[in-house]
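We're numbering straight along the sequence, starting at 1.
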Amino acid sequence: MTTPVVAIAYHSGYGHTTVLAEAVRAGAVEAGAVVHLVKVDEITDEQWELLDAADAIVFGSPTYMGTASGAFHQFAETTSKRWFVHSWKNKLAAGFSNSGAKSGDKLHTLQYFAILAAQHGMTWVNLGLHPGWNSTTASEDDLNRLGIYLGAGAQTHTDVGADEVHKADIATAEHLGRRVAEQARIYAAGRAVVGA
């Protein structure tokens, strides 16, 4: 059985997105992956090598002013060195974001991640969950309570600390980590069979 390697490349301004990154890591580890957390605003040459060697890269950022943070954008621009030589082609990619509002334009941030992945020739892994909290019998504690398909979204009030990230959003991020690790295992096994 192949052990997938998942890297989580993220920025966190106030700690809320770090909570989600750690949840994605926990889910991926639970599914049997080796996982590397990479803070993109502190990235080292060794961490770039970890990203290059990973089977999957999960992008994460808070949503600021309708898109990923400036620190994440700087990281994304720096990945153009990888783009030129197709370093990340055929890797898996996924994403997560947190904002203060229920919508908060997180979808735009996730679309930005998906386009970044597409530019690199990566294959996007979506959340794979139906929306939660969308009927009278549903609950705010449901997985995917914000009803996002593209990736994991979280909403945290702007006046609370990272310890107040909603438990359902943490569980949704863990689900994303498991899904990415499982898909990476399937993808790697398939490539081994066809000799790609």
Check: Where the side chain of Asn134 meets the backbone of Ala138, is there a donor-acceptor pair that is under 3.5 Å apart?
Finding: no
Notebook entry, point to check: Does one hydrophobic cluster hold both Ile170 and Leu146, with members joined at side-chain heavy-atom distances below 4.5 Å?
Noted result: no
Check: Would you say the side chain of Phe96 lies within less than 4.5 Å of the side chain of Tyr10, judging by non-hydrogen atoms?
Finding: yes
Checklist line | salt bridge (charged side-chain N to carboxylate O under 4.0 Å, His left out) partners of Glu164, counting only residues at least two apart | finding: none
Item checked: Passing option when Asp52 is tested against Lys81, Lys91, Arg82, Lys89 for salt bridge (charged side-chain N to carboxylate O under 4.0 Å, His left out) -> Arg82
Check: Partners of Thr137 by side chain to side chain contact (heavy atoms under 4.5 Å, CB included), sequence neighbours excluded?
Finding: Ser135
Next item on the list: Of all the heavy-atom pairs spanning His157 and Val160, show the shortest one and how long it is.
Entry: O-CG2, 3.2 Å
Checklist line | Residues Thr172, Arg145; criterion side-chain contact (heavy atoms from CB on, under 4.5 Å); working and verdict | finding: CA-CA 8 Å; Thr172 301; Arg145 71 187 180 107; over 6 Å; no
Next item on the list: Assess whether side-chain contact (heavy atoms from CB on, under 4.5 Å) is satisfied between Trp88 and Leu51, documenting all intermediate values.
Entry: CA-CA 8 Å; Trp88 295 356; Leu51 294 176; 3.9 Å; yes
Next item on the list: Check Ser103 against Ser99 and note the closest heavy-atom contact, atom names and distance.
Entry: O-OG, 3.6 Å
Margin query: I need the Ile43 CD1 to Gln74 CD distance, nearest 0.5 Å.
Written below: 11.5 Å
Notebook entry, point to check: Quick one: CG on Leu143 to CD on Glu174, what's the gap to the nearest 0.5 Å?
Noted result: 9.0 Å
Notebook entry, point to check: Do you reckon Leu37 sits in the same ILVMFWY cluster as Phe113, going by side-chain contacts under 4.5 Å, direct or chained?
Noted result: no
Check: In terms of hydrophobic clustering (I, L, V, M, F, W, Y; side-chain heavy atoms under 4.5 Å; direct or indirect links), are Val29 and Val24 co-clustered?
Finding: yes
Note to self: Can you confirm whether Lys167 is buried at NZ, in the sense that more than 12 heavy atoms of other residues, nucleotides or ligands lie under 6.0 Å from that atom?
What the structure shows: no
Margin query: For the CD1 atom of Ile115 and the CG atom of Leu110, what is their distance to the nearest 0.5 Å?
Written below: 11.0 Å
Check: Looking only at heavy atoms, which two atoms of Val180 and Ala94 are closest? And how far apart?
Finding: CG2-CB, 3.6 Å
Note to self: Please enumerate all residues that pass side chain to side chain donor-acceptor pair (under 3.5 Å) together with Ser139, with sequence neighbours excluded.
What the structure shows: none
Determine all donor-acceptor pairs shorter than 3.5 Å in which one atom belongs to a side chain in residues 116-133; sequence neighbours excluded.
from: His120; atom 1: NE2; to: Thr79; atom 2: OG1; distance (Å): 2.9
from: Trp124; atom 1: NE1; to: Leu150; atom 2: O; distance (Å): 2.9
from: Asn126; atom 1: OD1; to: Gly128; atom 2: N; distance (Å): 3.0
from: Asn126; atom 1: OD1; to: Arg179; atom 2: NH2; distance (Å): 3.0

Note to self: Looking at every heavy atom in both Ala181 and Val6, which two are closest together, and how far apart are they?
What the structure shows: CA-CG2, 4.3 Å
Distance-only donor-acceptor hits, side chain of residues 54-73, under 3.5 Å, sequence neighbours excluded:
from: Asp55; atom 1: OD2; to: Val5; atom 2: N; distance (Å): 2.8
from: Ser61; atom 1: OG; to: Ser69; atom 2: N; distance (Å): 3.0
from: Ser61; atom 1: OG; to: Ser69; atom 2: OG; distance (Å): 3.3
from: Thr63; atom 1: OG1; to: Ser97; atom 2: OG; distance (Å): 2.6
from: Thr63; atom 1: OG1; to: Thr109; atom 2: OG1; distance (Å): 2.7
from: Thr67; atom 1: OG1; to: His73; atom 2: NE2; distance (Å): 3.1
from: Ser69; atom 1: OG; to: His11; atom 2: ND1; distance (Å): 2.8
from: Ser69; atom 1: OG; to: Phe72; atom 2: N; distance (Å): 3.2
from: His73; atom 1: ND1; to: Tyr112; atom 2: OH; distance (Å): 3.2
from: His73; atom 1: NE2; to: Ala68; atom 2: O; distance (Å): 3.4

Check: If you look only at pairs with a residue in residues 15-43, which of them pass as a side chain to side chain donor-acceptor pair (under 3.5 Å), with sequence neighbours excluded?
Finding: Ser12-Thr18
Notebook entry, point to check: Would you call His166 and Thr156 a side-chain contact if the rule is heavy atoms closer than 4.5 Å?
Noted result: no
Check: Quick one: are Asn98 and Gln155 in side-chain contact, heavy atoms under 4.5 Å?
Finding: no
Note to self: Restricting to non-hydrogen atoms, name the atom on Gly95 and the atom on Leu176 that form the minimum distance, rounded to 0.1 Å.
What the structure shows: O-CD2, 3.3 Å
Check: Is there a path of hydrophobic side-chain contacts, each under 4.5 Å between heavy atoms of I, L, V, M, F, W or Y residues, that connects Leu92 with Ile8?
Finding: yes
Check: What pair of heavy atoms forms the shortest contact from Ala154 to Asp169, and how long is it?
Finding: CA-OD2, 3.4 Å
